[in-house]
Amino acid sequence: MGFEEVNKQLTIRVPPLVNVDVNQPIMKIIDTPQFQKLRKIRQLSLTHLVYPGANHTRFEHSLGVFGLMMKYIERLSRLSEFAESIKKEHLDALPFAALLHDIGHYPFGHLLEGEVSDLPDHEIRSQEILSGLEISEILSQNNIDPVVVGNLITGDFDKSDISYRLARDLLDSTVDADKMDYLERDSLHCGVPYGRSYDKERLIGSLTVSPQKRLALTAKGKSSAEYIIFSRYIMLTEVYWHHTVRSAAIMLIAAMQEAVKFKGWADFRSELLDHYGDDDALEKLGSLVADDTDTFELVRGLINRKLFKRIRTYSPLDPDTREVFSALKGLSGPYAAKVLSEELIGRLSIPRMRLLVDIVPSKAMTQDITVFFSKRNKYRKLSDISPIAKSLAETWESLTGVVRVYCHPAYESKLVKNGSEIDKAIIESAKDIIR
C-alpha cells in the first residue's frame, strides 16, 4: 500500500486503480488495532476455495466504501435539497460510518451470524468497538459523536428523523456506497464480470433527493441502478451462493455449532472476536475440536480443500423437485438445516457429520428507489418503470430459495444412486420436524 503527502492528506491506492485520500483523523482510525485486524479477514470468507483470487479483505473494502462515500457527499452537497435535509452532525459522521461500517466483523462472521448461538451479529459488535476508548476518543476529539456513527452503521435510530434516514440511505439502500464497492470489488477479485459493467461515474452523477427526502436518482442513472440490482442477483446465485462455496460454508457452520460444546470454547470465542484472522481461526478451531474426529474431519476438509459433494438440489423453479421443496418450505430459522441433517443421517444410516443439508439463508431484496424525470418534473419508483426491477422484486424469494444436500466424498457414489430414497427421507423428516 503506497502513501504520499497531498495537501496534508495521505493517498492510499486500492484496486481497481483507485486513489483514496484520507486526512489525519481518518488515518488515526485506520491505524487502530481494531481496524488493522480487518487486513486478516477476507471479504468473502471461504469463496477463495472456488475463486482463487477472492483473497481481498474487509480492510480493502472499507477503504473503498470510504472513498465512494466522499464522492457521494461531494455530489449531493451541491444540491440545496440535500443540504437543507441533512444535519451537520450526520453529514460529518458519514465518512467515519463508511470507513467503520465493517469494524465489527470477525472471521467468517457473515456465515456464522444466526447459525452459532454464542456469536454476536457484527453490527452489535461494531457498537461495542465504537464505544471502546480508543476509537471513541479519536471520534470525539474531531467533534464526531460515536453514537451517531454507530447508529448510521446499524440503522438503529428513529425512522421519523429525516436527516438520519437520508444519511443512512447513502450507506444502505438500492445504490448505496457499500453495494457499489463490494459488487465491483468482489467481481474483480473473483475474476467475473457481473458487478463491473455499469457506469459508476454516471450513477454517482445522477444522485439526488426525492420529495420524501430519501436518496434518489435522476433518469440518467436508471440503467445503472437496474444493472446493480441484476448484478447483485447474479453475484448471489453465481458467486456468493455457488454450490461449492456453500459446501465449505456449511462444513464450517456445522463444525462451529459443535465447537461451542467444548471446554476451550470461551477462550476461542474471545480470540475470534478480538484477534484472529481467517487462517488463525480455522487452525485454532481444528485444535479446539481435535478430540472429536467427526468434527475435526470437517475442519481438516476446509484446510485441505476436501469439500463435501452436492448430491441433491431442490428449487421452486425446478419442476422435478417441487414436491420436495414444498415439504421443506415450513422449515426456517438458524438450526433448521442442522436438525434436518441429523434426521436424514438417521434415516439413511450415514455416520455422524457425514451428511449436511444447506438451506440457503433468505436474503431480502433491496429497497425500491425513486427516479426523477426532469423533463416531465415527475418522480417514479424504479419498480414501476423497470421490468427488471419489478420482476426481481416479485420473484426474489423463489430465485434465491434453494435447498441442497451434501455428503462426505466417501459416501457420494452410494448416495447419488439413491436419489429417490433421499427425496422420500427429506419429505418424511420435514414433516416430523414441522409437526
Side-chain angles (χ1 to χ4, degrees), residues 12 14-16 18 20 22 26 29-30 35 38 41-45 47 54 56-76 90-91 93-105 109-110 113 121-127 129-130 148-157 164-190 194-196 198 200-201 203-204 206-207 214-217 221 224-225 227-236 239-240 363-369:
I12 306 176
V14 296
V18 172
V20 178
V22 297
I26 292 293
I29 294 286
I30 292 172
F35 196 89
L38 298 179
I41 300 175
R42 292 185 183 92
Q43 173 76 6
L44 297 182
S45 296
T47 304
H56 57 303
T57 64
R58 296 272 168 195
F59 183 91
E60 176 186 326
H61 166 63
S62 297
L63 290 172
V65 176
F66 167 79
L68 274 174
M69 183 61 75
M70 298 309 293
K71 291 184 177 182
Y72 272 49
I73 292 172
E74 180 184 5
R75 156 64 189 173
L76 289 164
H90 298 154
L91 182 61
L94 262 173
F96 293 91
L99 184 70
L100 292 164
H101 79 284
D102 273 352
I103 196 68
H105 269 289
H110 261 319
E113 289 173 16
D121 288 346
H122 73 275
E123 290 181 339
I124 293 174
R125 185 67 183 143
S126 293
Q127 288 180 317
I129 293 171
L130 287 172
V148 173
V149 174
N151 290 344
L152 287 174
I153 292 172
T154 62
D156 183 16
F157 55 82
Y164 247 135
R165 198 178 61 188
L166 177 57
R168 169 73 175 172
D169 279 350
L170 275 65
L171 200 57
D172 181 28
S173 65
T174 300
V175 293
D176 62 66
D178 183 24
K179 291 182 186 68
M180 284 263 285
D181 183 82
Y182 78 64
L183 285 172
E184 180 178 28
R185 193 170 306 284
D186 294 352
S187 296
L188 173 71
H189 287 282
C190 289
Y194 313 129
R196 289 185 279 164
Y198 68 96
K200 181 168 63 177
E201 297 304 322
L203 189 142
I204 292 174
S206 74
L207 295 172
R214 304 299 297 267
L215 186 66
L217 300 171
S224 291
Y227 199 97
I228 285 179
I229 292 171
F230 187 69
S231 293
R232 185 166 177 254
Y233 161 63
I234 294 294
M235 288 295 287
L236 281 168
V239 176
Y240 308 144
K363 194 84 172 178
M365 181 61 174
T366 51
Q367 308 95 310
D368 212 341
I369 192 165

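Counting begins at 1 with the first residue of the sequence.
- Side-chain N or O atoms of Asp121 include none that pairs as donor or acceptor with a backbone N or O of Glu123 at under 3.5 Å.
- The closest side-chain heavy-atom distance from Val18 to Leu63 is not below 4.5 Å.
- The shortest heavy-atom contact between Ala98 and Leu171 is CA-CD1, 4.0 Å.
- Asp169 places a side-chain N or O within 3.5 Å of a backbone atom of Leu215 that can act as its donor or acceptor partner.
- Taking the side chain as every heavy atom from C-beta outward, Val65 and Leu99 never approach each other to under 4.5 Å.
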- Start with the C-alpha gap between His56 and Leu188, add the side-chain angles, then the distance that decides, and say whether side chain to side chain contact (heavy atoms under 4.5 Å, CB included) holds. CA-CA 10 Å; His56 57 303; Leu188 173 71; over 6 Å; no

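- Remark: the Asp186 side chain and the His61 side chain contain no N/O donor-acceptor pair separated by less than 3.5 Å.
- In this structure a side-chain-to-backbone donor-acceptor pair under 3.5 Å is present from Arg75 to Leu207.
- When every heavy atom of Val149 is checked against every heavy atom of Ala93, the shortest pair comes out as CG2-CB, 3.9 Å.
- Distance check, rounded to the nearest 0.5 Å: CD1 of Ile129 to CD1 of Ile103 gives 5.5 Å.
- Inter-residue side-chain proximity for Phe96 and Val148 is flagged as unmet; no heavy-atom pair is nearer than 4.5 Å.
- Nearest heavy-atom pair, Leu217 versus Ala225, reported as atom, atom and distance to 0.1 Å: CD1-CB, 3.5 Å.
- When only modelled atom types and interatomic distance are considered, Gln43 and His189 share no side-chain donor-acceptor pair under 3.5 Å.
- With sequence neighbours excluded, no residue forms a side-chain hydrogen bond (donor to acceptor under 3.5 Å, both in side chains) with Tyr194.
- Annotation: Phe230, atom CZ; neighbour count of heavy atoms from other residues, nucleotides and ligands within 6.0 Å does not exceed 12.
- For the atom pair Arg185 CZ and Thr57 OG1, the distance stands at 9.0 Å (nearest 0.5 Å).
- A 4.5 Å side-chain heavy-atom check between Arg168 and Asn151 finds every atom pair outside the cut-off.
- The backbone N or O of Thr174 lies less than 3.5 Å from no partner atom in the side chain of Lys179, so there is not a single donor-acceptor pair.
- Here the closest non-hydrogen pair linking Ile204 and Lys71 is CG2-O, 4.1 Å.
- The CG atom of Leu183 lies 9.0 Å from the CG atom of Asp178; values are rounded to the nearest 0.5 Å.
- The shortest distance between side-chain heavy atoms of Ser173 and Asp176 falls below 4.5 Å.
- Here His122 pairs with His105, His110 under the ring-ring contact (aromatic ring centres under 6.0 Å, His included) rule; sequence neighbours left out.
- Rounded to the nearest 0.5 angstrom, Phe66 CZ and Ile29 CD1 are separated by 10.5 Å.
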- Residues Ile228, Leu203; criterion side chain to side chain contact (heavy atoms under 4.5 Å, CB included); working and verdict: CA-CA 10 Å; Ile228 285 179; Leu203 189 142; 3.5 Å; yes

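- Contact detail for Arg232 and Tyr182: the closest heavy-atom pair is NE-OH, 3.5 Å.
- Atom OG of Ser62 and atom CZ of Phe35 lie 4.5 Å apart (nearest 0.5 Å).
- Minimum heavy-atom separation, Ile153 to Ala97: CG1-O, 3.8 Å.
- With rounding to the nearest 0.5 angstrom, the CG atom of Leu170 is 5.5 Å from the CG atom of Leu76.
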